[in-house]
Amino acid sequence: MKFSEFFNIWVNENYYKFGVDIGKKGDFYTNVSVGYLFGACLANYFLKLLKNGEISSSCKVVEIGANSGEMLADFAQGIFTLEPEILKNLEFIIIEPHKNLRKKQLETFAKRFGDDIKIKHYKNLDKYAFDEIFVISNELLDAFNCEVIDGQNMLFVDSDLKFHWQKADQNLLALAKKFGITKGEISTSYAKFAVQLTNAAKKVRFLSFDYGEFEPKNEFSLRVFKNHQVFSLFEISNLASYFKKSDLTYSLCFKQVEYAFSEAGFEMLKFKKQNEALVCDFGVDEILSLVLEKGSKQAYENAAKQAKFLLSPEFLGEKFKFIEFLKS
């Protein structure tokens, strides 16, 4: 089978489908596992856009790739803390195809808010037409399947989980040439997703945080996370012990993402390192100041510790990038 099929079976049909523990008890850390601060920053950014008239008061908040729903819950809590009067008019939506994850997300909101804040679920973006949506995501795009190329060849996987290379099809090679990719991962899934987004609403603002760089690095980045250990996919001798049971991911070439979205009618507004975006656009310092003013010493120390993980280059600050698109 093509590597993209193998990737889907591992990641989307199994590992993520059943809801994974993220953070200390899981296989890896990400922004959401650090704590509430990340979601509060997203809420602060939403309020800035609302105040500036860049989004309307009827804009719906949508998360894609929500897992347990904690990020959207942190977002809702942030709105309640910063501008509670607008909360009653906000509509929260999660795009979630998996029944068991929808159940987890409902449980998260019930535990956090009781009946005060509701979420709506849609299985996919198709067949719905909203006026305006504000879409947030974290490590969504690296869950899209990819092919792997090396020169003129592409990667295949046998039924016994052994890799081999065959001549790549011309369409894939043409796409790789367009982006300047001679070695590494290339996804053909971004284009379909961007079209679905553009058809979902008259106005769409899409925000995403993920690993990667804008330009291709022309190296293999496929890696497996298991119990906070990381392994190169090609260095694992017994793949069966990891298959479907651990996180398989790769670093994005955001140039591919930008091209897919621009072809679907989006304009790329921002592309930045995460720490730069959180400081300059999302107002992480404003959130910290508010915690210092209103909260306890312990609350501030906790928030400052979260900020360190989100901002420091040795943690997530520069490994993650922020990208934002607008279709209006």
Side-chain angles (χ1 to χ4, degrees), residues 8 11-12 16-17 32 39 42-43 45-50 52-76 79 86-87 89-99 101-102 104-106 108-109 117-146 187-210 252 254 256-271 322-328:
N8 253 346
V11 174
N12 297 311
Y16 283 120
K17 177 180 179 179
V32 186
L42 289 171
Y45 188 57
F46 177 86
L47 293 172
K48 287 174 181 288
L49 294 172
L50 185 63
N52 293 336
E54 296 181 64
I55 57 177
S56 72
S57 58
S58 61
C59 182
K60 301 181 190 306
V61 180
V62 179
E63 184 177 5
I64 306 176
N67 195 40
S68 66
E70 290 290 348
M71 187 171 85
L72 191 60
D74 290 338
F75 181 101
I79 296 292
I86 77 163
L87 192 57
N89 295 320
L90 274 184
E91 187 172 332
F92 297 99
I93 295 169
I94 294 179
I95 306 298
E96 181 55 69
H98 303 302
K99 183 178 180 180
L101 288 181
R102 293 197 295 270
K104 280 193 174 188
Q105 293 151 10
L106 289 171
T108 294
F109 268 71
I117 300 177
K118 300 288 189 181
I119 54 171
K120 287 186 177 181
H121 277 116
Y122 295 99
K123 291 183 179 180
N124 52 57
L125 289 167
D126 299 332
K127 301 177 184 177
Y128 302 103
F130 304 106
D131 286 329
E132 184 178 3
I133 53 177
F134 177 84
V135 185
I136 55 176
S137 64
N138 179 68
E139 288 207 75
L140 168 68
L141 298 173
D142 66 1
F144 283 46
N145 65 21
C146 64
S187 179
T188 59
S189 301
Y190 304 142
K192 180 181 177 181
F193 174 65
V195 170
Q196 287 177 320
L197 265 181
T198 200
N199 290 335
K202 296 175 184 176
K203 184 176 182 180
V204 182
R205 187 178 291 262
F206 175 77
L207 287 66
S208 197
F209 292 80
D210 223 316
L252 298 186
F254 283 96
Q256 297 179 48
V257 180
E258 191 276 333
Y259 176 78
F261 273 72
S262 65
E263 287 290 289
F266 284 87
E267 174 191 2
M268 187 175 76
L269 300 181
K270 296 185 178 78
F271 177 76
F322 164 64
I323 196 164
E324 180 180 13
F325 294 98
L326 177 66
K327 188 216 80 170
S328 57

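Because only heavy atoms are used, hydrogens play no part in the values below, and waters and symmetry mates are left out as well, while side chains stay in.
- Within the 4.5 Å cutoff, no side-chain heavy atoms of Gln105 are placed close to those of Leu72.
- Residues Ile133 and Ala200 share a closest heavy-atom pair of CD1-CB, 4.2 Å.
- Atoms CG and CD1, from Leu42 and Ile79 in turn, are 9.5 Å apart once rounded to the nearest 0.5 Å.
- Atoms CD1 and NZ, on Ile55 and Lys60 in that order, are 13.0 Å from each other to the nearest 0.5 Å.
- Of all non-hydrogen atoms in Ser68 and Thr108, the two that sit nearest each other are O-OG1, 2.7 Å.
- Shortest non-hydrogen contact noted between Ile95 and Asn124 is CG2-CA, 3.7 Å.
- Considering NE2 of His98 and NZ of Lys123, their distance stands at 11.5 Å, rounded to 0.5 Å.
- The one candidate from Phe261, Phe254, Phe209 that meets the ring-ring contact (aromatic ring centres under 6.0 Å, His included) condition with Phe271 is Phe254.
- Distance check: Asn138 CG to Ile64 CD1 gives 13.0 Å after rounding to the nearest 0.5 Å.
- Under the 30°/60° scheme for interplanar angles, the aromatic rings of Phe109 and Phe92 are found to be tilted.
- Residue Ile117 comes nearest to Ala76 through the heavy atom pair CD1-CB, 4.0 Å, listed as atom of the first residue, atom of the second, then distance.
- Across Ala260 and Ala194, no two heavy atoms sit closer than the pair O-CB, 3.7 Å.
- No option in Phe193, Phe134, Phe266 other than Phe193 meets the ring-ring contact (aromatic ring centres under 6.0 Å, His included) test with Phe206.
- Shown here for Phe325 and Glu258, the closest heavy-atom pair between the two residues is CZ-CA, 3.8 Å.
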